[in-house]
Structures are given as C-alpha cells and as structure tokens.
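To keep things clear, I will list the structure first and then write my remarks on it.
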Amino acid sequence: MKRMAALALALWMMLAPWAMAEESAGTLRLDQLSLSHVTPAGTRRVDFWGISLFFALGTPNGMPTLQGTFDNGQGQLVDAVVQLVDSEIQFSMGGISGIYALDLNALSPEGGALIAQTVGGVMALTATHPELLLRSVTQEAEDGSRLFQLTLPAQSVAGATQGLLTMGEGMESADDLDLDALRARLEAGQEDVVISFRYSESAQTFTLSLAQGEEAVELSGLLAMGTEPMIFVENSPEEVKYDLLNLDAATLAQLRDELDMIGIKFAHFADGSGLDNIM
C-alpha cells in the first residue's frame with residue numbers, strides 16, 4: 001500500500017503561486033495523528049506525530065472558501081483550496097495545473113442556484129461559529145461524545161474505488177501495487193461500508209473510521225476548533241479552468257502525469273512511515 005498512500009498524501013505537498021487575502025476564519029487543526037488497521041486477528045497501528053492538517057473556512061472577498069494545509073513535519077507546507085464562486089465549485093492545489101470547476105447548475109438546472117446558496121450560507125456561518133457545524137451534523141452519544149455515522153452500499157464504494165484504481169494504471173508511482181489483487185479484494189467485500197466520526201469535546205480527540213464487516217481503518221488524533229485571522233490563497237485569474245464534467249483526453253493525460261510526478265517525488269514518505277506494515 002505504500003505507493004498509493006504516498007500518492008494520496010503527496011497531493012497536499014506542492015505549493016502553487018496563489019495570491020493572498022486575509023480574513024477571519026473558522027479553523028480546525030488535526031495533529032498527533034495515528035492510523036490503525038483493525039481485523040479479527042488484532043490491530044496494527046502507525047503514528048504520524050510530526051504530521052498535521054489545518055483547515056480554515058472563511059469568505060475572502062465574499063466568496064465562501066475552504067482551505068486545507070498539510071504539514072509533513074519536515075518543513076513542507078501545502079495548500080489546497082475549494083471555493084464557491086456563484087454557482088460554481090472551484091478546486092485548485094499546488095502541483096496540479098489549472099483550476100477544476102463543477103457548475104452546480106449543470107448537475108441540477110432547476111436547483112443548482114439554491115444548492116449554491118445553501119452551501120454558501122452554511123460555509124459563511126461555520127466561518128464564524130465552527131462548533132455549530134459540528135453540532136448540526138452529529139448527535140450526542142452515550143458517552144457524551146459527538147457522533148456521526150453514514151452507511152454506504154458496498155457496490156457504490158467498490159465502483160468509486162475502482163475508478164481510482166483505473167486512474168493509477170500505468171503510473172510509475174503505483175508500480176508497486178497489485179491493482180488486480182486490489183480489485184479482487186473490493187469485489188469480494190459484500191458488506192456495506194460504515195463511515196463514523198466521533199469527537200470528544202472535553203478531550204478534543206477524534207476518531208474517523210471506515211468499517212466493512214469485521215475490518216476497519218481508523219484515523220485518530222487531536223482536533224481543535226476555533227476562530228482566528230487567516231491568510232487565504234486566491235486562485236489566479238490567469239489559471240486555465242477545466243470543467244470536471246467535460247474533461248477531454250489531453251486534460252486527463254496531463255492530470256495523470258502531474259499526479260504521477262507528485263507521487264514519485266514523495267513516495268519516500270510512505271517508504272519510511274510504516275504504512276506498508278499495517279495494511
């Protein structure tokens with residue numbers, strides 16, 4: 001699993017030349033992270049004490065914006081940005097050329113504008129009161145923690161993951177993976193996938209779990225929320241914009257090449273993290 005893990009984490013590890021804007025933001029900081037693989041035979045775990053994730057939600061220049069920063073613990077900071085511009089969701093990230101956009105009106109001609117207004121309103125409220133979003137999407141568990149659970153059909157999860165595996169075919173950064181074996185493992189899983197998120201407000205600890213049958217993968221650590229002044233990156237108007245619903249073959253090839261280059265450059269992270277020993 002080491003090359004795929006490297007590819008996923010590497011997506012956060014290149015910084016693009018964005019413009020900057022300062023704005024008050026709702027923030028979430030995750031650190032002292034651990035990843036566990038739970039099976040009937042036992043639990044294997046790896047700690048990522050030097051790694052942290054920082055998310056900020058604000059409205060720079062009136063545009064609802066979610067910004068994520070990944071710190072690999074070795075002096076590399078990377079920003080990825082999701083921004084709502086009118087009815088369009090725009091995504092950009094260092095190391096990936098251009099801006100990828102999804103027009104909500106294309107998904108729902110009659111309800112796209114309403115969806116955009118609702119999402120924008122929730123983002124704006126969360127920017128000033130992040131704890132409200134947590135309480136609105138979770139319920140109180142028996143132990144007093146906040147709990148969110150979602151069950152996904154096994155076929156839907158397998159189909160989505162198969163698409164990711166297809167994307168990795170031919171990539172040098174994924175050459176250590178047995179993609180056929182992974183596909184067979186996905187097809188063999190008949191149970192639904194349960195996603196759960198548990199947060200202790202008193203201890204500021206969280207656990208994010210993906211479970212299927214008797215097997216689960218869990219990410220845990222510290223999670224702190226608050227509000228603070230934040231420097232947001234802004235997409236450059238000179239960047240080429242790509243429609244996610246209409247990507248041509250040349251654009252897909254370019255994206256694959258960029259993902260491959262990032263994955264190769266940061267594969268050493270997975271090599272030294274111990275990830276390949278727990279999956």
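Sequence positions, counted from 1, serve as the residue numbers for this chain.
Residue Glu214 places its CD atom among 12 or fewer non-hydrogen atoms of other residues, nucleotides or ligands, all under 6.0 Å distant.
Between Leu219 and Phe206, the shortest heavy-atom contact is O-CE1, 3.6 Å. The two residues Asp47 and Ser34 come nearest to each other via the heavy atoms OD1-OG, 2.5 Å. Closest non-hydrogen pair, Thr65 versus Leu57, comes out as O-CD1, 3.2 Å.
In terms of modelled atom types and a separation under 3.5 Å, the side chain of Thr138 and the main chain of Leu134 share a donor-acceptor contact. Between the side chain of Thr27 and the main chain of Gly226, a donor-acceptor pair closer than 3.5 Å is present. A donor-acceptor pair is defined here as one N or O able to donate and one able to accept, closer than 3.5 Å; no such pair exists between the side chain of Gln90 and the backbone of Gln83.
In summary, the aromatic rings of Tyr242 and Tyr100 are positioned with their centroids under 6.0 Å apart.
Side-chain atoms of Glu215 and Thr39 include no donor-acceptor pair closer than 3.5 Å. If you check the side chains of Ser87 and Asn105, you find a donor sitting under 3.5 Å from an acceptor.
Rounding to the nearest 0.5 Å gives a distance of 5.0 Å between CG of Leu210 and CD1 of Ile195. Between Glu201 atom CD and Glu140 atom CD the span is 8.0 Å, to the nearest 0.5 Å.
Salt-bridge annotation for Glu218 and Arg198: absent, with no side-chain N of the basic residue lying under 4.0 Å from a carboxylate O of the acidic one.
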